[in-house]
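Take a look at the structure set out below.
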Amino acid sequence: MTQLPVFALRSHVEELVWPAIQSGRAAEIMSLQRQFDQSQFWSPEQIKSAQFSQLAKLVEHSLRTVPAYAARLRSAGITAGKPLTEALWQRIPVLTRSELRTLGAALHSSAAPASFGALSVASSGGSSGLPVTVRKSAVEELFWQAINIRDEVWNRENLQGTIARLRDVRVGLPPHISAASRTSHGALIDDWGSPSNLIWKTGKMGIISPDLPLETQAKFLTKLKPDYLYTFPSCLRPLLSHFQVSGRRLTSLKSVWTVSESVDESLRQACFDVFGCKIIQNYTCGEIGYLALQCPTCTNLHVQSEVVYLEILDAENKPCAPGEIGRVVVTPLHNYAMPLLRYELGDEAEAGGPCGCGRGLPVMTRVVGRTEDYLTLPSGRRRRVNINHYRLSSISAVREFQLVQNSLNEVELKLALSRPLTPDELTVINTILDRETEGLFETRLTYHDALPRTSTGKLRAFISLLT
């Protein structure tokens, strides 16, 4: 069973330090942690049985209160009172992102349970070019916070440590903190924020914008000496290169926590080589929340089965076997305000086998990328893009890069540079580009002050203008 750090707990009863007494939202979160401690070690069969008990309730609710689902479910042979089997479940049509945008409010429940609390709206960042909006209830927020705390319990060694946040400073920060974060001094706040500060007496958090020059970011981190760094993989790559080339040292880090974008083995190795620490990755989306957390003992991603039913499907909509790559299809178990039954995210992932940690939670070996991250060859055949991020990022002049397919005949590599490339560096970049395009395209390099990011700060490594 997971051991929670006792003396770090925040007591809600004045003058009581130990044992701590918690109330309100903190007590709700900790009650769920107690259940999570048990369910994570259930057998896969036990977990799936519990999930289908909850899915059956969700499907009944959808039949009664969401007219847009009635025809979809009946076409799958699902009717009120009929037991929900896995075979029946797999007959439900997959809900695409485009369909979600088109149906919109037609997927809203006409009778969301009052006990689920106030309704709110969540939006995705639209990294696929198709932003979507989803209605949720307060229960969904509670589960999001509970999984966030599980991530801390699984992977955070020091709750009193300092976090450096190096990501979009426009999102979720008070105006004065956001403004300070855009200066070379950054901002420093007293704790890690909610929900961590509801549960524990945490350390401080330093915040600085990733839009500032790498030298400024490096000076801020060197002075702060954080225990943890929280950033995007696309921000981490050039930062690692800067530290490596400049000779700066940052020996305080216990781990780097990444969000939103995929992490490959080359980035994990680079982080270990330069910072001497591991990367902790999670898998989330704006429409749903947490989907998977990194295992405490390895780099596997454990599906958070207490809150989401996640499927990895092949081209024939059949479940992928371990080692196979397929489309990620998810169903949040507790969204009664706007049920999303078998919703296709637009991501691809590799299915994994049982994890050596003993947890029964399903495993994804890795999130491969977006389903649209494919080059379309002149022959019409599609091939996944596999550009060598680490070799590009190891060139100190390269701050950001993005591969763009403009046509069936042309591929463009966009570069944001801190200085002009040397002849040797230009040779390396052209070699990488030629290898990726197999000599089938005209290729060109273009130079930019900065590359556009999504509304949530993501930098997409590949874009096809054919779709």
Side-chain angles (χ1 to χ4, degrees), residues 25 28 31-32 35 39 47-124 130-147 284-291 303-311 313 317 328-346:
R25 178 50 60 94
E28 292 174 335
S31 173
L32 286 169
Q35 296 179 66
S39 58
I47 291 172
K48 183 168 284 189
S49 176
Q51 287 188 305
F52 267 82
S53 295
Q54 183 60 46
L55 286 171
K57 292 287 188 182
L58 182 64
V59 165
E60 289 176 11
H61 173 78
S62 301
L63 277 168
R64 289 196 316 270
T65 72
V66 187
Y69 269 124
R72 297 174 78 93
L73 293 172
R74 281 197 290 268
S75 70
I78 298 174
T79 56
K82 187 173 184 178
L84 181 65
T85 65
E86 191 169 0
L88 278 175
W89 175 262
Q90 291 175 356
R91 292 175 59 182
I92 298 174
V94 168
L95 178 69
T96 67
R97 194 178 189 90
S98 178
E99 286 178 309
L100 175 56
R101 280 173 54 84
T102 299
L103 290 169
L107 294 177
H108 292 178
S109 169
S110 61
S115 59
F116 278 42
L119 299 182
S120 61
V121 172
S123 299
S124 76
L130 290 173
V132 295
T133 299
V134 174
R135 177 186 278 186
K136 295 184 177 183
S137 71
V139 162
E140 289 280 285
E141 174 67 12
L142 171 60
F143 279 113
W144 181 91
Q145 291 179 331
I147 299 298
T284 67
C285 71
E287 306 96 298
I288 295 168
Y290 282 98
L291 303 176
V303 175
Q304 298 303 284
S305 295
E306 295 90 347
V307 297
V308 66
Y309 185 65
L310 187 147
E311 304 168 79
L313 304 180
N317 284 340
V328 178
V329 172
V330 295
T331 304
L333 297 179
H334 310 107
N335 191 345
Y336 279 54
M338 186 177 181
L340 299 178
L341 305 182
R342 306 197 82 198
Y343 170 51
E344 184 176 347
L345 282 181

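None of the values given here were measured: they were computed from a predicted structure.
- Here the OG1 atom belonging to Thr331 is positioned 9.5 Å from the CD atom belonging to Gln51, to the nearest 0.5 angstrom.
- Residues Ala112 and Ala337 share a closest heavy-atom pair of CB-CA, 4.0 Å.
- Evaluation of the side chain to side chain donor-acceptor pair (under 3.5 Å) rule for Tyr309 yields no partner, not counting sequence neighbours.
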Intermediate values then yes/no, side chain to side chain contact (heavy atoms under 4.5 Å, CB included), Lys48 and Glu86: CA-CA 9 Å; Lys48 183 168 284 189; Glu86 191 169 0; 2.9 Å; yes

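- Between atom CZ of residue Arg97 and atom OG1 of residue Thr102 there is a gap of 12.5 Å, rounded to the nearest 0.5 Å.
- The distance from atom CG of Leu32 to atom CD1 of Ile147, rounded to the nearest 0.5 Å, is 8.0 Å.
- Of the inter-residue distances, the one linking Thr133 atom OG1 with Arg135 atom CZ reads 11.5 Å to the nearest 0.5 angstrom.
- Residue pairs meeting the salt bridge (Lys or Arg N to Asp or Glu O under 4.0 Å) criterion with at least one partner in residues 65-76, sequence neighbours excluded, are Arg72-Glu99.
- Under the 4.5 Å side-chain criterion, counting only non-hydrogen atoms from C-beta, Val330 is not in contact with Leu340.
- Among residue pairs with one or both ends in residues 49-65, none qualify as salt bridge (Lys or Arg N to Asp or Glu O under 4.0 Å); sequence neighbours excluded.
- Closest approach of Leu345 and Cys285 over heavy atoms only: CD2-SG, 3.7 Å.
- Shown here for Leu88 and Gly77, the closest heavy-atom pair between the two residues is CD2-O, 3.9 Å.
- Between the Lys136 side chain and the Met338 main chain, no donor and acceptor come within less than 3.5 Å of each other.
- Judged by distance alone, the side chain of Asn317 and the main-chain N or O of Arg91 form no donor-acceptor pair under 3.5 Å.
- Here the straight-line distance linking atom NE2 of His334 with atom CD1 of Ile288 works out to 13.0 Å at 0.5 Å rounding.
- When all heavy atoms are compared, the tightest approach of Ala106 to Val66 is O-CG1, 3.6 Å.
- In this view, Gln54 and Tyr336 satisfy the side chain to side chain donor-acceptor pair (under 3.5 Å) rule, not counting sequence neighbours.
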Residues Leu95, Leu341; criterion side chain to side chain contact (heavy atoms under 4.5 Å, CB included); working and verdict: CA-CA 7 Å; Leu95 178 69; Leu341 305 182; over 6 Å; no

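- Looking at every heavy atom in both residues, Ser305 comes nearest to Leu333 through O-CD1, 3.4 Å.
- How far CD1 of Ile78 is from CD1 of Ile92: 3.5 Å, rounded to the nearest 0.5 Å.
- Here the closest heavy-atom approach between residue Ser62 and residue Leu73 is recorded as CB-CD1, 4.2 Å.
- Listed by chain and number, the residues in a side chain to side chain donor-acceptor pair (under 3.5 Å) with Glu311 are Trp89, Arg342 (sequence neighbours excluded).
- The backbone N or O of Glu287 lies less than 3.5 Å from no partner atom in the side chain of Tyr343, so there is not a single donor-acceptor pair.
- Considering only heavy atoms from C-beta on, Leu107 comes within 4.5 Å of Tyr69 through its side chain.
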Worked verdict on Glu141 versus Ser120 for side chain to side chain contact (heavy atoms under 4.5 Å, CB included): CA-CA 9 Å; Glu141 174 67 12; Ser120 61; over 6 Å; no

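- Qualifying side chain to side chain donor-acceptor pair (under 3.5 Å) partners for Arg25, counting only residues two or more places apart in sequence or in other chains: Glu28, Gln145.
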